[in-house]
Every structure is written in C-alpha cells, then in structure tokens.
Amino acid sequence: MTDSIESRLQEARRQLAQHGQQDLLRFAEQLSAAQLEELLADINRLDLPLIDELIEGFLKAQPSAQLPDKILPPPVYPIEPSAELAPKYQQALEEGQKLIAEGKVAAFAVAGGMGTRLNFDGPKGLLPATPVRKKVLFEVFADSIRAAQKRYGGVIAWYIMTSPANHETTKQAFEEKNYFGLEADNVVFFQQGMIPCFDQEGKILLAEPHRIALSPDGHGGSLRALHRSFALEDMARRRIEYISYFQVDNPLVKVIDPLFIGLHALDQAQMSSKAVMKEDPEEKVGVLVLGDGKVRVIEYSDLPRSLAQQRNDEGRLTYELGSVAIHIINRSFVEKINAHGFSLPWHRAQKRVPYVDTHGQVVDPQEPNAVKLETFVFDALPLADVSIILAIERAEEFAPIKNAAGADSPESSRRLQIERAARWLEKAGADVPRRPDRTIDAALEISPLFALDVEELAQKGPLLPPIEPGGSIYIE
Ligand code: UTP
C-alpha cells in the first residue's frame, strides 16, 4: 500500500468512525489497491452528516406523517364535463393542442427505479409489455410520442431519467433500436442521485467487499436531478414550458394529453395531477386531498381510517381521488424550487438488496432485508401555488406493472391493455369475439400510430380487419 493510500484509508476510518459506519472498511486489508481506490471513492461521495440526519429522522423510526390540520376533498375536473364546464374543456383541449404544436410540452419518463418486485433482468423500460407485438415499454411511449407529433405537429422532446444502475443499458438499447423511430436528438437521458442502502440498524450495506450498496433516491429525486443535470437547461434552450411526467411502468398512460395540459395551463397551475376513483377504501393508493388549503397526496397508510371510509351524500368515498403518478409540471416551477432550495420528506421501504455478509460473501436475499430511503415526486405538490386535478377513467389510462405475478403484473397489465383495445374496437363498430362469460377471446393490440384514442379509431372503423375467435391481431 502506498503512503498516499494508507493515509487516505486512515482518514476514511477516522471519518466513518465518527458516524458509526467504520464497518464499511472491514475488508480493506483484503482488497487490491484498485479495489481499495474504488471503495475510498465510494466513501468520499457519502454525505455523512446528511446520512446521520436521515438515519435519525427517517430510518430508525419513520416519523408519523405530518397530517394537515384541515383536510377536505379537493376540487377536481370530472371525467365528463358538466354543461357548464364543457366550453372550458373545449378551450383547454385547443390550448393544449396549441402548446404541443408549438413544442412547449416535453414528455418525461422516470425510469430510474430498480424494479425489485418485478424480478426482470434489466431496466423495466425494456420489459416486453404489449399483448401481441410484445413491444417493450419504451417503444410503447415512443410510438405514442410519434403519433402525437403526427397529430398535433411540432416536436415533442422526450426526457428519460435513469439511474447509474441502468443508464448505460438503457441508452444502449435506444441506440440499438434506432431510438424506436424518434430523432436521437430529441431523446435526452439524465441520471438521478443515489443514496446508500442500510441494514435495520442504520449501518450502510456493502454490495461487494469494495463497493457500497447504493440505490436511486426515489422519483422525487427527479426534481433535483432535472436541475443538477443539464436537462432543465436543455428544456429552456428548446423553449419547453410544460413537463408531462409519467412512470415507465404504465403502458396505458397518455404520454401527451392536450386536455390535461390545457386545463393546467388555463388555470396557471405549476404542478397538477391525474386521479382515478377509489372504490375500495382499503385500496393501497395515495389519496389526493386539500390539506390546509393545498392539494397534496396522503399515503394510504397515513390516511386516518375514519376519513378513508367516509362517504358523501351520493354514497361515494369522500376521499376517492387515487393518485396515479401522472403530472404536468412547469419547467419554471422546477427551476424555482431548486433556486430557493427545497427538501422532500424521505420515506422508508423494506427492499431486497444484495449485500456482503460478515464473511465477505455476497448474499442475494429472497426476502426484503434492507431499508431504502426514497423521496416521492407528489410530495412537491404543496409547493405549488396552484395545482389542479383531472379525474380519469382508470381502465383507459392505468395498467401498472409492478410485480412478477398477480395484481399489477405483466399479465394483469396485458389483460387491461386487451380490454381497452376491445372497448375501443367495439365502439368503432368492430365485432370482438367474446367467450360465454364475456371475457375476450383474442389478443388485441392497437398501434398508437393507427389510433391514439377511441375517437380516432372510430374514424378508421371501415379500415378495421375482422377479428377471429382465438386470434391475435395487431392493428397498425
Ligand atoms: P416504484 O416506486 O414502483 O419503484 O417506481 P420501482 O423501482 O420501479 O420498483 P420496486 O419498488 O423496486 O419494485 C415507480 C416509478 O418511479 C420510477 C420507476 O422507474 C417507476 O417508473 N423511479 C422509482 C425512479 O425513476 N427512481 C427511483 O428512485 C424510484
């Protein structure tokens, strides 16, 4: 060991000991010089005072949620406008289309998650997700963007947030697939921040004897990463004003929705949300409320039971607006909160994280073994002066892929995609084969380039091919 390495090792030991993390160097003597350099570099990147705060404030005990004093149901734009609202919806639609045509709207996919529940080897965006063509998720969104560009005119730049764990694989896949038909120049990748993973006592885990176990800092990290990377500047250069935020795991998302964009813009909102109607009070989805005058999301686990169960005069849940992680965010809002400094609360989650045991062996646990801390993007909602909510039909826009099997799995998502295609086809006048129990007896997929919505499909009704029972059909 050279003097320089030796002295840096001593300094690292001293620093770590002050914060109770000296175990990170327990294999130091067995490492090669290059490995030790890597480990010291990892250690140098740690913000130890911040980590102490996180451990005390959020890891040892998740602080009980700071519930607002006054909780009310928030105002919401309904799925179908009332007669009074119909002209506003029309105006919003036109405004949204205009903003898209002027290139003022960007698509933004957060794709930095580890997808631990899915058990898929690779970035989630590369999971084959559609029922017939088995398009990977990124291709589904790329097709929607191409279709929206064709329909509204203008260029829609697409920003994709990755993490250091999947950045290269993601970029490489886009290169290999020719950016799924988009201009390479209009697809912008940037990386989010990472934070160490901890054991239950708050000790930082090693992923290998010479590497710290790190994980992305949550989708809330996107608001800082947009600023720290060149992405916000790139948006400013392109004169983008609105960011259409969505998650990589929802193939039914309307990547660009002129109505949502238009309502948000007309109301001069800074960060807005789409919501689905909760039917079951126990459903594990965050709920949009008006808390002390601000729109915000309360996690299902934090919503007092009495409120979760409460029903209004019409018999519907009073707090029925489930958050689906679809937002419009103003570029200027992200700039402003970063300029003034902001912090989002950290949430702890138990996750599966490969780690090095006391013998120096890497263990790949089958059950959650580690604590990860994450920030959530919706926690920024109360920072907005104006925040609108647009209710959407769940079956039309939400088919998340989270788990390997069961609910919210590739299989359940495929079923929802087929059901939506069938509804659209039937409305467009096609005969969809159904079994006696009314389930659909065909695999159906409609290319966004053929029809972005049911209205467009209906216009093309005469072009629709017949669908055979048991068949598999891709409409393009
Ligand atoms: P989830 O919270 O479902 O997490 O992310 P995940 O990482 O995909 O899956 P699990 O929990 O490990 O199984 C919702 C969305 O937010 C993105 C994900 O990529 C997904 O689109 N995300 C999540 C990030 O971009 N960064 C993060 O740090 C976390």
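As the structure lists them, so they are numbered: ligands from 1, and atoms in each ligand from 1.
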In terms of residue, atom name and distance, what is the protein heavy atom nearest to [atom]?
atom                    : answer
atom 17 (C) of ligand 1 : Val110 O, 3.7 Å
atom 28 (O) of ligand 1 : Gly218 N, 2.7 Å
atom 12 (O) of ligand 1 : Thr116 OG1, 2.6 Å
atom 3 (O) of ligand 1  : Lys402 NZ, 2.7 Å
atom 16 (O) of ligand 1 : His219 CD2, 3.4 Å

Proximal candidate to [atom] [heavy atom criterion; set [options]]:
atom                   : options                        : result
atom 9 (O) of ligand 1 : Gly112, Gly115, Gly113         : Gly115
atom 8 (O) of ligand 1 : Lys351, Gln192, His347, Lys124 : Lys124
atom 1 (P) of ligand 1 : Arg352, Arg117, Lys372, Met114 : Arg117

Exercise. Check each atom of ligand 1 against the heavy atoms of Val248 and keep those under 4.0 Å away; list them by number with element.
Key: 19 (O), 21 (O)

Could you tell me whether [X] and [Y] make a salt bridge, using a distance below 4.0 angstrom between a side-chain N and a carboxylate O?
X      : Y      : value
Glu282 : Arg305 : yes
Lys203 : Glu201 : no
Glu139 : Lys177 : no

Quiz item: Distance-only, no hydrogens or angles: does the Asp47 side chain make a donor-acceptor pair with backbone N or O of Leu50 under 3.5 Å?
Solution: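 Checked: pair present.
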
Quiz item: ligand 1 versus Ala111, non-hydrogen atoms closer than 4.0 Å: side chain, backbone, both, neither?
Solution: backbone

Quiz item: Which pairs count as ring-ring contact (aromatic ring centres under 6.0 Å, His included) when at least one residue sits in residues 276-301, sequence neighbours excluded?
Solution: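 For residues 276-301, and leaving out neighbouring residues, there are no ring-ring contact (aromatic ring centres under 6.0 Å, His included) pairs at all.
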
Quiz item: Would you say the side chain of Tyr474 lies within less than 4.5 Å of the side chain of Thr130, judging by non-hydrogen atoms?
Solution: no

Practice problem: Could you tell me whether ligand 1 has any atom less than 4.0 Å away from a heavy atom of Gly221? | Solution: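 Outside the 4.0 Å threshold, so no.
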
Exercise. On the 0 to 90° scale, with breaks at 30° and 60°, tag the Tyr179-Phe189 ring pair as parallel, tilted or perpendicular.
Key: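 Judged by the thresholds at 30° and 60°, the geometry between Tyr179 and Phe189 is tilted.
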
